Amino acid sequence: MIKRTLVKHALKAKEPSDAIRIEGWVRTRRDAKAFSFVEINDGTSLTNLQVIIDNTVPGYEEHIPQATTGAAIRVLGKLTRSQGKSEGWEVLAESFEIVGHADASYPLQKKGHSAEFLREIAHLRPRSNLFGCVFRVRSRLAQAVHHFFQQRDFVYIHTPIITASDCEGAGELFRVTTIDPSKPPIKEGLIDYSRDFFEKPSYLTVSGQLAAEVFACSMSNVYTFGPTFRAENSNTSRHASEFWMIEPEMAFCDLNEDMDVAEEFVKSLIADILENCPEEMAFFYKFVDKGLTDRLKWVLDRPFERVSYEEAIDILLKSGQTFDYPVEYGLNMQSEHERYLTEKHFKCPVTVYNYPKTIKPFYMRANDDGKTVAAMDVLVPGIGEIVGGSQREERLDVLEQHFEHHQLSKEDYWWYLDLRRFGTVPHSGFGMGFERMLMFVTGVSNIRDVIPFARTPGNAEF
RNA sequence: UCCAGAGUAGCUCAAUGGUAGAGCAAUCGGCUGUUAACCGAUCGGUUGUUGGUUCGAGUCCAACCUCUGGAGCCA
């Protein structure tokens with residue numbers, strides 16, 4: 001048999017072909033008196049390929065009724081210019097075969113479905129236009145992440161998924177254990193984790209940052225990109241229990257350079273998708289979010305505004321706005337505050353830096369003012385915080401003080417402290433939620449719709 | 001976890017406390033180089049669950065379940 005041609009390639013053909021083999025799933029069929037139109041989609045493009053099957057094709061009478069929406073089909077024929085109103089390519093079938101049937105209970109129709117309904121059939125939703133687009137863009141966005149860092153000589157580090165260290169402040173952990181919950185080993189009234197698989201309590205990672213610091217302090221510029229897990233009981237459209245995070249870590253790098261990289265990174269991802277996924281972006285613009293293109297171009301074209309936390313609080317206090325949550329130096333900024341800054345006040349992405357040390361984790365570098373740390377958050381319109389990062393505390397004595405303030409055990413982090421004992425160096429990094437970025441780029445408003453099989457509290461179906 | 005809203009046919013939604021309906025899908029037929037085709041017919045329901053009020057409940061009340069939006073936590 002001749003080699004298979006993917007639909008996306010057939011649609012972009014430069015010249016006709018006498019022999020082509022197309023395989024995919026039937027989206028819809030329209031029967032005429034002497035022939036049928038069958039729209040085939042194989043997931044490689046949003047646009048379907050139209051196939052014309054004449055009633056003189058062998059097996060037409062018997063098999064064409066089985067070419068129902070959802071059925072898998074193979075067609076051999078000729079690729080020709082469309083004779084219909086729309087320009088482009090179509091296939092004149094010389095033979096066809098129903099590879100896999102789909103009966104009338106196939107839940108996807110040629111009409112549009114709500115995202116909520118499609119979520120319930122997560123195993124079939126990639127066959128829909130919306131989710132085909134989402135997951136093609138997801139793939140491309142992952143590629144763009146690697147491209148950005150590889151181009152800049154960053155080394156990709158696979159940090160562990162199972163870990164015994166809690167990256168403090170990053171949320172609740174999932175425990176990893178082989179202990180039989182019905183008969184756990186007990187010592188002095190407590191579960192004896194020294195008899196567990198790793199001989200100590202262990203968890204699914206909430207961040208690869210600490211491990212990335214190890215590699216930054218030896219390989220200069222590194223990044224991690226992998227799954228992370230949070231056992232928070234968060235029921236929102238922006239949180240999942242399992243999500244992917246991108247965490248670059250750079251040696252000999254201060255907070256300003258960190259902010260520069262974060263800004264370039266966000267812009268680079270947007271530019272990549274606009275350039276490489278035009279068909280998908282047009283779909284999102286048309287059916288998901290009318291403001292999408294403008295918002296992305298807005299972010300792409302403007303330098304990000306930079307303000308200190310103190311200035312940001314000042315702006316909020318002087319805004320004359322009434323907020324549901326109090327604005328006060330020393331308190332965390334709420335979603336409504338972040339949104340005001342980026343959407344109303346500056347009307348562009350904003351990087352807020354130098355947060356009070358009391359609201360930030362132990363590893364962030366203390367500033368000379370004695371009250372703030374070198375932390376930064378990038379805020380974008382519509383979504384809020386998309387990047388969070390900091391310069392890390394590289395001074396051993398200061399870091400040890402932080403451990404005491406945060407009541408953390410220095411013994412547990414001996415290796416992390418060792419980095420400050422041997423050739424310590426100023427270094428910085430940040431984290432970006434991959435799905436958050438994907439939501440920003442596609443306009444899709446629920447994180448469950450940008451993950452193939454979303455894990456959220458109470459839901460691990462599929 | 002908190003606040004608000006919703007749950008009716010496969011899907012999207014109607015239905016004043018009084019006979020549960022439409023469009024789409026599906027099935028059958030017709031028509032057509034059609035293209036989210038069109039025309040006609042047919043099929044399709046334990047109104048989320050359990051209890052309560054009432055002569056009578058999809059509708060009112062209570063509890064629970066599920067989903068959605070927002071908030072908190074955060075990425």
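Keep in mind that this is a model prediction, so the values were computed, not measured. Below, chain A is the first sequence line, B the second, and so on; all start at residue 1.
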Is any NZ, NE, NH1 or NH2 atom of the basic residue among [X] and [Y] found under 4.0 Å from an Asp or Glu carboxylate oxygen of the other?
{"X": "A/R136", "Y": "A/E279", "value": "no"}
{"X": "A/D377", "Y": "A/K360", "value": "yes"}
{"X": "A/K8", "Y": "A/D42", "value": "no"}
{"X": "A/R392", "Y": "A/E249", "value": "yes"}

Ignoring hydrogens and geometry beyond distance, is the side chain of [X] in donor-acceptor contact with the base of [N] at under 3.5 Å?
{"X": "A/H239", "N": "B/rC74", "result": "yes"}
{"X": "A/E116", "N": "B/rG7", "result": "no"}
{"X": "A/S234", "N": "B/rC73", "result": "yes"}
{"X": "A/Q109", "N": "B/rG10", "result": "yes"}
{"X": "A/N446", "N": "B/rU68", "result": "no"}

In whole Å, what separates the [atom1] atom of [N] from that of [M]?
{"N": "B/rU50", "M": "B/rU12", "atom1": "P", "answer": "23 Å"}
{"N": "B/rA41", "M": "B/rC24", "atom1": "P", "answer": "11 Å"}
{"N": "B/rA62", "M": "B/rA4", "atom1": "P", "answer": "12 Å"}
{"N": "B/rU66", "M": "B/rC74", "atom1": "P", "answer": "26 Å"}
{"N": "B/rA25", "M": "B/rC3", "atom1": "C1'", "answer": "37 Å"}
{"N": "B/rG23", "M": "B/rG58", "atom1": "P", "answer": "24 Å"}
{"N": "B/rG51", "M": "B/rA57", "atom1": "P", "answer": "14 Å"}
{"N": "B/rA14", "M": "B/rC73", "atom1": "P", "answer": "36 Å"}

Exercise. In terms of the angle between their ring planes, are A/H123 and A/F462 parallel, tilted or perpendicular, with boundaries placed at 30° and 60°?
Worked result: parallel
May I ask you to say what [X] touches in the nucleic acid, namely base, sugar-phosphate or nothing, with a heavy-atom cut-off under 4.0 Å?
{"X": "A/S114", "answer": "sugar-phosphate"}
{"X": "A/T236", "answer": "base"}
{"X": "A/E336", "answer": "nothing"}
{"X": "A/R119", "answer": "sugar-phosphate"}
{"X": "A/A32", "answer": "base"}
{"X": "A/E242", "answer": "nothing"}
{"X": "A/Y325", "answer": "sugar-phosphate"}

For this session: Might you work through the salt bridge (Lys or Arg N to Asp or Glu O under 4.0 Å) test for A/E264 and A/R152, ending with a clear yes or no?
Result: CA-CA 11 Å; A/E264 279 176 50; A/R152 287 165 176 75; 3.2 Å; yes
Can you check the [X] [atom1] to [N] [atom2] distance for me, whole Å?
{"X": "A/Q50", "N": "B/rU34", "atom1": "CD", "atom2": "C1'", "value": "7 Å"}
{"X": "A/D103", "N": "B/rA26", "atom1": "CG", "atom2": "C1'", "value": "11 Å"}
{"X": "A/L108", "N": "B/rA36", "atom1": "CG", "atom2": "P", "value": "18 Å"}
{"X": "A/R30", "N": "B/rG29", "atom1": "CZ", "atom2": "P", "value": "20 Å"}
{"X": "A/Y106", "N": "B/rC11", "atom1": "OH", "atom2": "P", "value": "15 Å"}
{"X": "A/M439", "N": "B/rG69", "atom1": "CE", "atom2": "P", "value": "9 Å"}
{"X": "A/E385", "N": "B/rC73", "atom1": "CD", "atom2": "P", "value": "11 Å"}
{"X": "A/F117", "N": "B/rU12", "atom1": "CZ", "atom2": "P", "value": "7 Å"}

Exercise. Should the heavy atoms of other residues, nucleotides or ligands under 6.0 Å from NE2 of A/H146 be counted, would the total exceed 12?
Worked result: yes
Exercise. Near A/K12 NZ, under 6.0 Å, is it more than 12 heavy atoms from other residues, nucleotides or ligands?
Worked result: no
Exercise. Does A/Y329 have A/K371 sitting over its ring (NZ/CZ under 6.0 Å from centre, angle to axis within 45°)?
Worked result: yes
Can you tell which of [options] lies closest to the side chain of [X]?
{"X": "A/S82", "options": "B/rG70, B/rG33, B/rA26", "result": "B/rG33"}
{"X": "A/N332", "options": "B/rC74, B/rG69, B/rA26", "result": "B/rC74"}
{"X": "A/S335", "options": "B/rA25, B/rG72, B/rA37", "result": "B/rG72"}
{"X": "A/K33", "options": "B/rU32, B/rC67, B/rC74", "result": "B/rU32"}
{"X": "A/L92", "options": "B/rC67, B/rC73, B/rG33", "result": "B/rG33"}
{"X": "A/F37", "options": "B/rU12, B/rG33, B/rC11", "result": "B/rG33"}
{"X": "A/R238", "options": "B/rU32, B/rA37, B/rC73", "result": "B/rC73"}

For [N], give its Watson-Crick or G-U wobble partner with both distances under 3.5 Å, or none.
{"N": "B/rU1", "result": "B/rA71"}
{"N": "B/rA26", "result": "B/rU42"}
{"N": "B/rA62", "result": "B/rU50"}
{"N": "B/rU16", "result": "none"}

Exercise. Can you find a pair of side-chain heavy atoms, one from A/F35 and one from A/V57, that are under 4.5 Å apart?
Worked result: no
Exercise. Side-chain contact, heavy-atom cut-off 4.5 Å: A/E338 with A/E385?
Worked result: yes
Problem set entry | RNA chain B: 5'-proximal contact among A/F35 and A/A240 (nearest heavy atom) | A/F35
For this session: Please tell me which of A/E39 and A/G431 maps to the more 5' nucleotide of RNA chain B, matching each residue to the nucleotide holding its nearest heavy atom.
Result: A/E39
Look at the side-chain N and O atoms of [X] and state whether any lies under 4.0 Å from the OP1 or OP2 oxygen of [N].
{"X": "A/S237", "N": "B/rG70", "value": "yes"}
{"X": "A/Q334", "N": "B/rA71", "value": "no"}
{"X": "A/R339", "N": "B/rA71", "value": "yes"}

Problem set entry | Strand contacts (RNA chain B) in residues 136-148 of chain A, 4.0 angstrom heavy-atom criterion | none
For this session: Evaluate ring-ring contact (aromatic ring centres under 6.0 Å, His included) for A/F229 paired with A/Y203, printing each intermediate quantity in order.
Result: CA-CA 9 Å; A/F229 306 86; A/Y203 310 91; over 10 Å; no
